[in-house]
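One structure is given here, and the rest of the page talks about it.
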Amino acid sequence: MSATDDLVHRNAQRVAAEGGLPGPPSLHVAIVTCMDCRIDLGHSLGVRDGEAHVIRNAGGAVTDDVIRSLAVSQRMLGTREVVLVHHTKCGMQTFTDDAFKESLQQETGIRPSWAVEAFADAEQDVRQSMERIRRSPFLELTSSLRGFVVDIDTGALTEVA
């Protein structure tokens, strides 16, 4: 059985046992975090299904698409807080945008037009991400914005000022 087949099977079991959840998150919070498979927000923050919108991408970067998702989350589904969660030992700290783009261009013949969003310092990247959210004209509620770096080994959160 492929991994996808296994996931489809798990879904069928869950639906049979639990049913559905309401669309708006009950905690009225949106969390932006990295796609790293070691980050389990249910375990590290106690987030349960139906409680928060979780927006994930490589590095937890606040891109135009993340702003789009946050705008929908706030304006259409009632979230009032935004939490950013970066982490230690992030793969995005192991290369530069230029090196990655160059590698892709050599392999494919096309240089990507999008920003890779690699970074050297997780705390500084959280600060930059918070600033992008604060400056967005599309987001209404930026005063309830907090950023953290989670230690990937211990799960401990450190708030970024």
If I take atom [atom1] from residue [X] and atom [atom2] from residue [Y], how far apart are they, to the nearest 0.5 angstrom?
X     : Y      : atom1 : atom2 : result
Ser44 : Leu157 : OG    : CG    : 6.5 Å
Asp97 : Trp114 : CG    : CH2   : 9.5 Å
Ser69 : Gln74  : OG    : CD    : 11.5 Å
Thr79 : Glu140 : OG1   : CD    : 9.0 Å

Item to check | Taking every non-hydrogen atom, the tightest pair across Asp5 and Met1 | outcome: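 Closest approach of Asp5 to Met1: CB-CG, 3.3 Å.
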
Next on the checklist: To check you understand the geometry: which heavy-atom pair defines the closest contact between Cys34 and Gly59, and what is its length?
Outcome noted: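 For Cys34 versus Gly59, the nearest heavy atoms are SG-N, 3.3 Å.
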
Could I get the full list of salt bridge (Lys or Arg N to Asp or Glu O under 4.0 Å) partners for [X], not counting sequence neighbours?
X      : result
Glu81  : none
Arg56  : none
Arg111 : Asp98, Glu102

Under 4.5 Å between any side-chain heavy atoms of [X] and [Y], yes or no?
X      : Y      : answer
Gln93  : Phe119 : yes
His53  : Pro25  : yes
Arg80  : Val29  : no
Cys90  : His87  : yes
Thr63  : Arg68  : no
Leu41  : Val54  : yes
Ile152 : Ile39  : yes
Lys101 : Leu104 : no

Checklist entry - Ser103 side chain to Ala99 main-chain N or O, any donor-acceptor pair under 3.5 Å? => result no

Next on the checklist: Between Arg135 and Glu131 (salt bridge meaning N to carboxylate O under 4.0 Å), is one present in this structure?
Outcome noted: yes

Next on the checklist: Taking the basic N atoms (NZ, or NE/NH1/NH2) and the acidic carboxylate oxygens, is any pair closer than 4.0 Å for Arg132 and Glu117?
Outcome noted: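 Yes, charged N to carboxylate O under 4.0 Å.
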
Next on the checklist: Could you list the cluster mates of Ile133? Members are the ILVMFWY residues connected by side-chain heavy atoms closer than 4.5 Å, either directly or through other members.
Outcome noted: Val32, Ile55, Val62, Val66, Ile67, Leu70, Val82, Leu84, Val126, Met130, Phe138, Leu139, Leu145, Val149, Val160

Checklist outcome for this item: In short, side chain to side chain donor-acceptor pair (under 3.5 Å) pairs touching residues 25-39 with sequence neighbours left out are Asp36-Arg38

Next on the checklist: Between Asp6 and Val8, does the side-chain contact (heavy atoms from CB on, under 4.5 Å) criterion hold? Intermediate values first, please.
Outcome noted: CA-CA 5 Å; Asp6 183 40; Val8 170; over 6 Å; no

Checklist entry - Could you walk me through whether Asp151 and Lys89 pass the salt bridge (Lys or Arg N to Asp or Glu O under 4.0 Å) check? => result CA-CA 8 Å; Asp151 184 306; Lys89 299 182 181 178; over 6 Å; no

Item to check | Leu27/Val47 under side-chain contact (heavy atoms from CB on, under 4.5 Å): CA gap, chis, key distance, verdict | outcome: CA-CA 9 Å; Leu27 294 178; Val47 175; 5.5 Å; no

Next on the checklist: Holding to side-chain contact (heavy atoms from CB on, under 4.5 Å), I want the full list of residues that pass it with Phe95, two or more places apart in sequence or in another chain.
Outcome noted: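 By the side-chain contact (heavy atoms from CB on, under 4.5 Å) rule, Phe95 matches Met92, Phe100, Val116, Ala118.
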
